[in-house]
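The chains referred to below are lettered A, B, ... by the order of the sequence lines, with proteins before strands, and numbering in each begins at 1.
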Amino acid sequence: MTMLAIVHAMPTREKAASAESTRFDGLSDALLDWYSAHARDLPWRIGPAQRAKGIPADPYRVWLAEIMLQQTTVPHAARYFEAFTRRWPTVVDLADAADADVMAAWAGLGYYARARNLLKCAREVVERGDWPRTETGLRELPGIGAYTAGAVAALAFNQRAPAVDGNVDRVFARLLAAKGEWKAEKAVIASLVRDLVPADRPAEFAEALMDLGATICTPKRPNCLICPVRSWCAAQAEGEPERYPIKPARKAKPLRRGDVYVVLRSGDVMTQTRPQNGLLGGMLGLPTSDWLEDGTPEKPDWLPDSARPIGEVRHVFTHFELQLSVFRLTSGTVPGNPGWTPVDDAEKALPSVFRKALKLAF
DNA sequence: AAGGCGGGGGG
DNA sequence: CCCCCAGCCTT
């Protein structure tokens with residue numbers, strides 16, 4: 001039977017993957033060679049030397065790091081990783097933690113649904129007795145999507161799973177010089193990377209691809225001169241690697257305005273835990289007016305007519321920008337049953353927008 | 001399929 | 001100022 005006949009007999013999807021895999025023959029080996037000398041030393045990783053000695057990764061630390069790193073830079077996540085693992089060294093410790101303690105510890109890291117799902121996930125793992133060890137098993141846990149399931153399966157359990165994050169998308173957008181609609185190109189890349197994962201070293205392959213994207217195939221000014229996979233790169237051949245990936249334009253962020261009230265009473269500040277769902281869900285907050293794109297937000301009844309803002313803070317959220325007028329008030333005028341938090345604690349437990357307001361009041 | 005959901009650092 | 005980053009979930 002001729003080679004052509006064999007290929008012809010294969011199902012269409014395998015034929016396509018086979019063709020792409022052939023185009024990248026040798027890439028995995030070149031990448032792994034580079035990685036053995038240039039791996040980043042990160043607190044949640046075991047290094048190539050340790051892995052070679054058979055030292056296993058800690059699934060708890062791998063998982064915690066991957067959750068923190070979702071849409072978050074390494075230096076920012078690293079500070080929180082150190083604090084979390086010092087305070088809660090195991091998944092059992094984390095599962096036993098009080099919700100408010102975990103939310104406060106996450107304050108400033110953003111995307112607070114991650115912290116709510118973190119606790120849910122830890123408690124599910126403790127309930128079931130251990131971590132799922134496969135990509136599909138991990139994918140069922142709260143807060144674990146396609147990327148994180150593949151990353152934990154590969155990094156913690158050395159399963160043959162792909163970990164396709166923004167770095168890997170960018171690397172392969174350039175290798176392929178992907179010019180199509182970005183959504184479709186990402187699907188092509190996901191399928192291709194799955195086929196390229198070497199059976200014997202999936203963890204190192206995942207880490208190597210991410211390190212390449214983070215240190216060489218960077219968003220701006222990629223360092224193609226020292227790139228170990230340069231000879232496979234269509235974008236480099238074209239001469240404008242920075243042109244890729246080609247993503248859709250993003251929408252402008254509207255500006256919303258409102259008031260925030262820093263109400264002080266003998267070392268405490270008035271606080272309220274925000275609703276579990278929605279913006280800053282489950283986090284400690286300061287009282288505010290509504291936030292409106294048009295018009296003037298209504299003042300609360302208890303706010304004295306004479307009250308004047310002491311300044312303004314601006315903050316950029318994912319889909320809008322916020323400008324808040326900051327009022328500084330002393331107790332005695334506020335009805336109802338507000339919560340009060342020592343100012344020193346509030347400084348640490350509040351998300352960034354409210355930290356800015358609190359800081360302005362001192 | 002599209003939109004909600006943080007925050008910070010780099011060019 | 002702009003850009004984007006180790007994404008996930010809901011509707």
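- Of the C1' atoms belonging to B:dG9 and C:dC8, the separation is 23 Å, rounded to the nearest Å.
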Which donor-acceptor pairs under 3.5 Å do side chains of residues 84-91 of chain A form with protein atoms, sequence neighbours excluded?
unit_1: A:T85; atom_1: OG1; unit_2: A:F81; atom_2: O; d: 2.8
unit_1: A:T85; atom_1: OG1; unit_2: A:E82; atom_2: O; d: 3.3
unit_1: A:T90; atom_1: OG1; unit_2: A:V92; atom_2: N; d: 3.3
unit_1: A:T90; atom_1: OG1; unit_2: A:D93; atom_2: N; d: 3.2
unit_1: A:T90; atom_1: OG1; unit_2: A:D93; atom_2: OD2; d: 2.9

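- A donor-acceptor contact shorter than 3.5 Å is absent between the side chain of A:W44 and the backbone of A:D58.
- Residue-level contact check: A:W44 touches the bases, meaning some heavy atom is under 4.0 Å from a base atom.
- With distances taken from any side-chain atom of A:P219 to the nucleotides B:dC5, B:dG7, C:dC5, the minimum falls on C:dC5.
- For the pair A:L279 CG and B:dG3 P, the computed distance is 18 Å after rounding to whole Å.
- Residue-to-nucleotide contacts include a donor-acceptor pair under 3.5 Å from the side chain of A:R40 to the base of C:dA6.
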For this session: Might you work through the salt bridge (Lys or Arg N to Asp or Glu O under 4.0 Å) test for A:R201 and A:E204, ending with a clear yes or no?
Result: CA-CA 6 Å; A:R201 298 168 74 185; A:E204 290 167 292; 3.0 Å; yes
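- Although no hydrogens or angles enter the test, the distance criterion places no donor-acceptor pair under 3.5 Å between the side chain of A:D290 and the main chain of A:P297.
- For the pair A:K220 NZ and B:dG11 P, the computed distance is 11 Å after rounding to whole Å.
- Contacts of A:H315 classified as side-chain hydrogen bond (donor to acceptor under 3.5 Å, both in side chains), with partners at least two apart in sequence or in another chain: A:K356.
- Taking atom P on both nucleotides, B:dG6 is separated from C:dT11 by 15 Å, rounded to a whole Å.
- Residue A:E135 contributes atom CD, which lies 11 Å from atom P of C:dC8 at whole-angstrom precision.
- To the nearest angstrom, P of B:dG6 lies 19 Å from CZ of A:R314.
- Residues from residues 136-171 of chain A that place a heavy atom under 4.0 Å from any atom of DNA chain B: there are none.
- In the set B:dG7, C:dA6, B:dC5, the nucleotide with an atom closest to the side chain of A:F317 is B:dG7.
- Between A:C233 and A:R174, the shortest heavy-atom contact is SG-O, 3.4 Å.
- Nearest heavy-atom pair, A:R114 versus A:L69, reported as atom, atom and distance to 0.1 Å: NH1-N, 4.3 Å.
- In this structure, A:R128 does not pair ionically with A:E140, as no charged nitrogen and carboxylate oxygen lie closer than 4.0 Å.
- OP1 and OP2 of B:dG6 both lie 4.0 Å or more from every side-chain N or O belonging to A:H315.
- Listed by residue number, there are no residues of residues 346-362 of chain A with a heavy-atom contact under 4.0 Å to DNA chain C.
- At B:dG8, none of the side-chain N or O atoms of A:R79 fall inside 4.0 Å of OP1 or OP2 (strictly under the cut-off).
- Between the CZ atom of A:R221 and the P atom of C:dC2 there is a distance of 22 Å, given to the nearest Å.
- Taking each heavy atom of A:F205 and A:P198 in turn, the nearest pair found is CG-CD, 3.4 Å.
- For the pair A:E135 and A:A161, the tightest heavy-atom approach, listed with the atom from each and the gap, is OE1-CB, 3.7 Å.
- At a non-hydrogen distance threshold of 4.0 Å, A:Q71, A:T72, A:H76 from residues 63-77 of chain A come into contact with DNA chain B.
- A salt bridge links A:R45 to A:D211: at least one charged side-chain nitrogen sits closer than 4.0 Å to a carboxylate oxygen.
- Test A:L255, A:L322, A:V353, A:L324 against A:R314 for side chain to side chain contact (heavy atoms under 4.5 Å, CB included) and you get one pass: A:L255.
- A:G281 comes within contact range of no nucleotide atom at all, as no heavy-atom separation falls under 4.0 Å.
- Distance CZ (A:R256) to P (B:dC5): 8 Å, rounded to an integer number of Å.
- Scanning both residues, A:L284 and A:F354, for their nearest heavy atoms gives O-CD1, 4.2 Å.
- Look at the P atom in both C:dA6 and B:dG4: the space between them is 24 Å, to the nearest Å.
- Distance A:L118 CG to C:dC8 C1': 13 Å, rounded to the nearest Å.
- When the shell of 6.0 Å around CD of A:E240 is examined, it contains 12 or fewer heavy atoms from other residues, nucleotides or ligands.
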For this session: Give DNA chain B the dot-bracket treatment, 5' to 3': Watson-Crick (N1-N3 with N6-O4 or O6-N4) or G-U (N1-O2, O6-N3) under 3.5 Å, [ ] crossing, | other strand.
Result: |||||.|||||
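- Among all heavy-atom pairs drawn from A:P48 and A:Y35, the shortest one is CG-CE2, 3.8 Å.
- Toward the 5' end of DNA chain B, the nearer of the two residues A:G108 and A:E181, judged by each one's closest nucleotide, is A:E181.
- Atom C1' of nucleotide B:dG7 and atom OH of A:Y112 are separated by 7 Å, given to the nearest angstrom.
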